[in-house]
Every structure is written in structure tokens, then in C-alpha cells.
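These notes concern the structure reproduced below.
The chains referred to below are lettered A, B, ... by the order of the sequence lines, with proteins before strands, and numbering in each begins at 1.
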Protein chains: 2
Amino acid sequence: MPTHSEENYIKAIWKLSQGENPVVTTNSIAASVNTKAASVSDMLRKLSEKKLIRYEKYQGVELTASGRKTALSIVRKHRLWEVFLVEKLNYGWDEVHEIAEQLEHIVSDNLVDRLDLFLGHPKVDPHGDPIPDKNGRISDPNGVLLSSIAAGQTVTMTGVTEHSTAFLRYLDNHSIGLGCKMQIEEINSFDFSMNVRIKGRKAITITQAAAKNILVKPERSR
Amino acid sequence: MPTHSEENYIKAIWKLSQGENPVVTTNSIAASVNTKAASVSDMLRKLSEKKLIRYEKYQGVELTASGRKTALSIVRKHRLWEVFLVEKLNYGWDEVHEIAEQLEHIVSDNLVDRLDLFLGHPKVDPHGDPIPDKNGRISDPNGVLLSSIAAGQTVTMTGVTEHSTAFLRYLDNHSIGLGCKMQIEEINSFDFSMNVRIKGRKAITITQAAAKNILVKPERSR
DNA sequence: ATATAAATTTAGGCAAGCCTAAAAAATACA
DNA sequence: TGTATTTTTTAGGCTTGCCTAAATTTATAT
Ligand SMILES: [Mn+2]
Ligand SMILES: [Mn+2]
Ligand SMILES: [Mn+2]
Ligand SMILES: [Mn+2]
């Protein structure tokens, strides 16, 4: 059984490996788990001995199959608990991360199964991130960046790529959330901000910075 | 903030102090938290420095007001999570202890408040144990031992004083649970076992050993 | 009152996780 | 291609929480 701390490292490595490059650096892990690079080196040696990562000194690190399985089990718990907090305890999607960060370490396979059932087998968490199944299978993030959509298209919001409280509150304040159906009316050619109309509301402007962090699914076109 | 381990010690000391003698011994704590007496001595020094306990070497230990408050906050979380597990996730009352033992350490006052609300402000946990309020006020255990009841009386079960899986399963197998209304038909003078009829079922025999661990409330007599 | 036994504390040590400072390797760049 | 910079690892140390063995205190029983 990995320790609380090992789990945090494994999850961090998994997250960092989701970008283009699956090989993860010591410094990026340190930033991610809020420690110093020296502590990361210690931990990498340990995780390597436990065969959870492949590790060559100075060459970065990659999860093994076993490490990936561990990571996905933690991600599954994290996201299911987030659903619980939002759906059952009425938390806002900007408030749940810290608590889920703790709850993800509760050890009981059976508990996860029952929680999943209680929540109705949700497919995504409150941020639109897919929830891995109990075998560690996870679907691809569903959507493309809003910033890549052309004027005239209609899209439905499916997720965010940035989870900061500031950004999520910003979306709340503009009443933008998962499932919003919106039409891109115009893209300002100066700053690439978008004029967007959300189904039956007055149009709003979304800066490109924001649009780069919003995932949407285009209306199936013909 | 107390650590995970400190919380377990504080809660153990509180539990042990609930008997007749509020002063708790090193060995009893060791047994309770599954460590050795030497480790307990270490921890007592530390808790004493933090003013959570009053501690005189060789003289046993007592919680301070601050320690008691800490203990009751953990107990509150433990019992609320047990209610959640039984009421919402359909666990049996014999299955929840280990998981609640972990969940009780999740840090978030707000979470506890919301959980309490979600559960409908329960007054007792699945074992009939009272749930402290957010200010650390806790009501007395509600009931007297079934073994102290005279033949002829009618009582309602309100709790158990033993939480082992074996005992709780034994009660399940006899369909004895919280809220059962039962009439003591006869007490066998040889072994003090009780013939008990549960409202509308055939009579069963409860050994004195079992009756000593069952809490009941006598029907208000005249 | 002693002697023995039991309970408790102290001494010394170990593993996990973290840290800072110094050394070493990799990379950038002139 | 060699030097400067950045990244990473190693060395040495600290705290927490645990352990065993030894010392000390308290309780029990002649
Ligand atoms: Mn975490
Ligand atoms: Mn999420
Ligand atoms: Mn616990
Ligand atoms: Mn309970």
C-alpha cells in the first residue's frame, strides 16, 4: 500500500504525464506537490524501488503500468468525492478541490464502489473531467478548446482546463457552466475575444485567455 | 492542528475516560491505539506540552478542556460519517468502524456542517451513540443495560456498549436492532438468560453476556 | 517492612518525509 | 567547443512516531 505522500506524488506524476510529453521532470513534480527538488529525488528512488515508476537519474520519470493503475485509482476517488461534494453537499465547483485532496486517500475499495453507485455512476466530475472506471480505464477529455472555434458555430461546454478558484468564480459570475449551449457570434480580430450568446441570455464577451481554458463540443455540423 | 496520530490518542483518552474513572492509564491507551507503552509515554509528553492533557508522570492522564473539545470534534465526525455510511451507502452497522476511523481525520469544519445537514442533523450514530453538537456538547447515552431489567418489563433498544463485528452480527442474526421494542417474558434463574419477545415475533433467548451489552429504555411505567 | 511484580518512563535507534547546502550532470550559448 | 547556467542528485540533518531493552517508580503480597 502506498502512503498518503506516495499517492500524492504518483497522482502528480500521472497528471504531468498527460501533456504531450509523458516523461516528467523532477522540478515539475516538486512544484506540483509543493516540496523541494531534493525531496522529490528521495521519493523517486523509493517509488522506483516499488516499481511504480521507471526512473533513470537525470533522465526524468515515467509511470509503470502498476503506477498508472495506482494513479487512476486515486484520480477516480478524487473525482467521485468531488461529485459527492457538489451534488450531495451543495458545494460550488470552486470549493471542492482541497477536501477531495484529502478524501482521495481513504482506503476501501468497497467504499468507492458504493459511492459510485450512490452517485449514479457519474461519467465526469464537476469540472467535466472523466472519471476512471474501477479497472483504471479513463475516457479522453471530451471537447476542444473554445478558443479554437470559429465564429458562427454553436457549441456546448463540456469542461475546463484550469481549476483555480479565481477562474471558476469568473465563470460562475458570468453564469457559464458545464452544459451551457452557446453560439459564437463574433470574434474580435484585435484581441480575439469572443462575443458569445448563451441560449436565451444576453450576449457576453469572453477573453481569449478564458476561452483557452474552456472545453466545448461543437454542434454536430452537416 | 493535531496530527492524525495525535487525534487518535486524544480520542482514545476521551473514550477511556468515559468509564467511572476519568483518569486514564498509559497501558490502557497503548492497548487502545495499538502501540507500546513506551510510545504512549512519548506522545503524552507531547500532548501535555500542547496543553491537551494534564499529565503527571506515573499518575495517569486527564484531558484538559481544550483536549476534550478536540476529542469531541473527532467523535462528532466519526459518528456522522458512520451515519452517512449506513444511511446513504447502505453499509451494515458492523462494517463502518474502520472506514469512519479514517474519515474522522478529514479536516474541514464546513464539511462537517454540511454533512450534518445532509444527514438531517442525526442525534445518534448507527450504534445508538450520541453525536456531539458542533460546540462539543454531547448528551448522555440514552438507556440502561438490558441485563438490569426485571421480568415483565417492556423496553426499547437504544444502543450497544460493545461494537465488535462478532457481537453486531450476532444481533443481526437474531434480528435485534436499535428501536426494537421487546418484552422480557422470563429470566432464567440458573444462567440469567432472558426470554424476550420482540413485538410480533416468536420469543428468543438472550444470554446474560449479550444482555450486558445492550442498552434499552424501559417503557415509562406508572 | 520487604521483596517481588507490574506499570511506566527513559535511552537509544530506526524509517518516512521533509529541509538546506554542496556536488555533479545536463543544457544552453557564445 | 568550452564556459556559464540550470537541473538534478547527494550529503547531512531535523521531526514525528514508532520500536526494544533497561531503568525507575508504584503496587502487591508476604
Ligand atoms: Mn491528496
Ligand atoms: Mn475535478
Ligand atoms: Mn482514526
Ligand atoms: Mn459508532
Side-chain angles (χ1 to χ4, degrees), chain A residues 1-14 16-17 19-63 67 70-71 74 101-102 104-105 107, chain B residues 1-14 16-17 19-63 67 70-71 74 101-102 104-105 107:
Chain A
M1 294 294 101
T3 65
H4 190 106
S5 189
E6 286 169 358
E7 290 190 343
N8 283 335
Y9 277 91
I10 289 284
K11 192 182 66 163
I13 294 168
W14 177 79
L16 292 167
S17 75
E20 44 248 44
N21 195 342
V23 43
V24 174
T25 67
T26 299
N27 267 345
S28 65
I29 298 169
S32 188
V33 300
N34 251 288
T35 53
K36 299 302 164 77
S39 308
V40 175
S41 286
D42 286 351
M43 183 60 89
L44 293 184
R45 199 181 23 67
K46 191 158 56 120
L47 294 177
S48 179
E49 277 160 15
K50 294 196 177 187
K51 310 275 188 211
L52 292 165
I53 60 175
R54 256 182 304 281
Y55 173 48
E56 303 263 14
K57 277 189 209 172
Y58 296 101
Q59 302 308 306
V61 77
E62 230 177 339
L63 290 178
T70 302
I74 303 162
E101 202 57 46
Q102 300 178 62
E104 71 190 358
H105 303 289
V107 177
Chain B
M1 294 293 102
T3 66
H4 190 108
S5 188
E6 285 170 358
E7 290 191 343
N8 283 335
Y9 276 92
I10 289 284
K11 192 182 68 164
I13 294 168
W14 177 79
L16 292 166
S17 75
E20 44 248 45
N21 196 343
V23 43
V24 173
T25 68
T26 298
N27 269 344
S28 65
I29 298 169
S32 188
V33 299
N34 251 289
T35 53
K36 297 305 163 73
S39 308
V40 175
S41 286
D42 285 351
M43 184 59 89
L44 293 185
R45 198 181 24 67
K46 191 159 55 122
L47 294 177
S48 179
E49 277 160 15
K50 294 196 179 186
K51 310 275 190 211
L52 292 164
I53 60 174
R54 254 181 305 280
Y55 173 48
E56 303 264 15
K57 276 188 211 174
Y58 296 102
Q59 302 309 304
V61 76
E62 230 177 338
L63 290 177
T70 301
I74 303 161
E101 202 57 45
Q102 300 179 61
E104 71 189 359
H105 303 289
V107 177

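For Tyr9(A) and dC18(C), the shortest distance from a side-chain N or O to OP1 or OP2 is below 4.0 Å. Side-chain nitrogen and oxygen atoms of Ser5(A) include none within less than 4.0 Å of the OP1 or OP2 phosphate oxygen of dA16(C).
Nearest heavy atoms, Asn8(A) versus Val33(A): O-CG1, 3.9 Å. Nearest heavy atoms, Gly67(A) versus Ile10(A): O-CG2, 3.6 Å. In terms of heavy-atom proximity, Val24(A) sits nearest to Ser17(A) at CG2-N, 3.7 Å. Counting all heavy atoms, side chain and backbone alike, Pro2(B) lies closest to Glu6(B) at CA-OE1, 3.0 Å.
Nucleotide dA16(C) holds its C1' atom 13 Å from the CD atom of Glu49(A), rounded to whole Å. Going from atom CG of Leu16(B) over to atom C1' of dA7(C) covers 16 Å, rounded to whole Å. The nearest whole Å value for the distance from the CG atom in Asp42(B) to the P atom in dG13(C) is 15 Å. The distance from atom CZ of Arg45(B) to atom P of dA11(C) is 11 Å, rounded to the nearest whole Å. The distance between atom OH of Tyr55(B) and atom C1' of dT25(D), rounded to the nearest whole Å, is 12 Å.
Tested against Tyr9(A) for a side chain to side chain contact (heavy atoms under 4.5 Å, CB included), the candidates Leu47(A), Thr3(A), Leu44(A) yield a single pass: Leu47(A).
Residues from residues 21-35 of chain B lying near DNA chain C, meaning a heavy-atom separation below 4.0 Å, are Thr25(B), Thr26(B), Asn27(B) in numerical order.
Looking at Arg45(B) and Glu49(B), a side-chain N of the basic residue comes within less than 4.0 Å of a carboxylate O on the acidic one, giving a salt bridge.
Put simply, the side chain of Lys11(B) does not reach to within 4.5 Å of the side chain of His105(B), judged on heavy atoms.
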Look for any protein N or O under 3.5 Å of an N or O in nucleotides 20-25 of chain C and output each such pair with its distance, or none.
from	atom 1	to	atom 2	distance (Å)
dT20(C)	OP2	Lys36(A)	NZ	3.3

For a quick test of your reading: what N or O donor-acceptor pairs under 3.5 Å do the side chains of residues 52-60 of chain A make, sequence neighbours left out?
from	atom 1	to	atom 2	distance (Å)
Arg54(A)	NH2	Leu63(A)	O	3.3

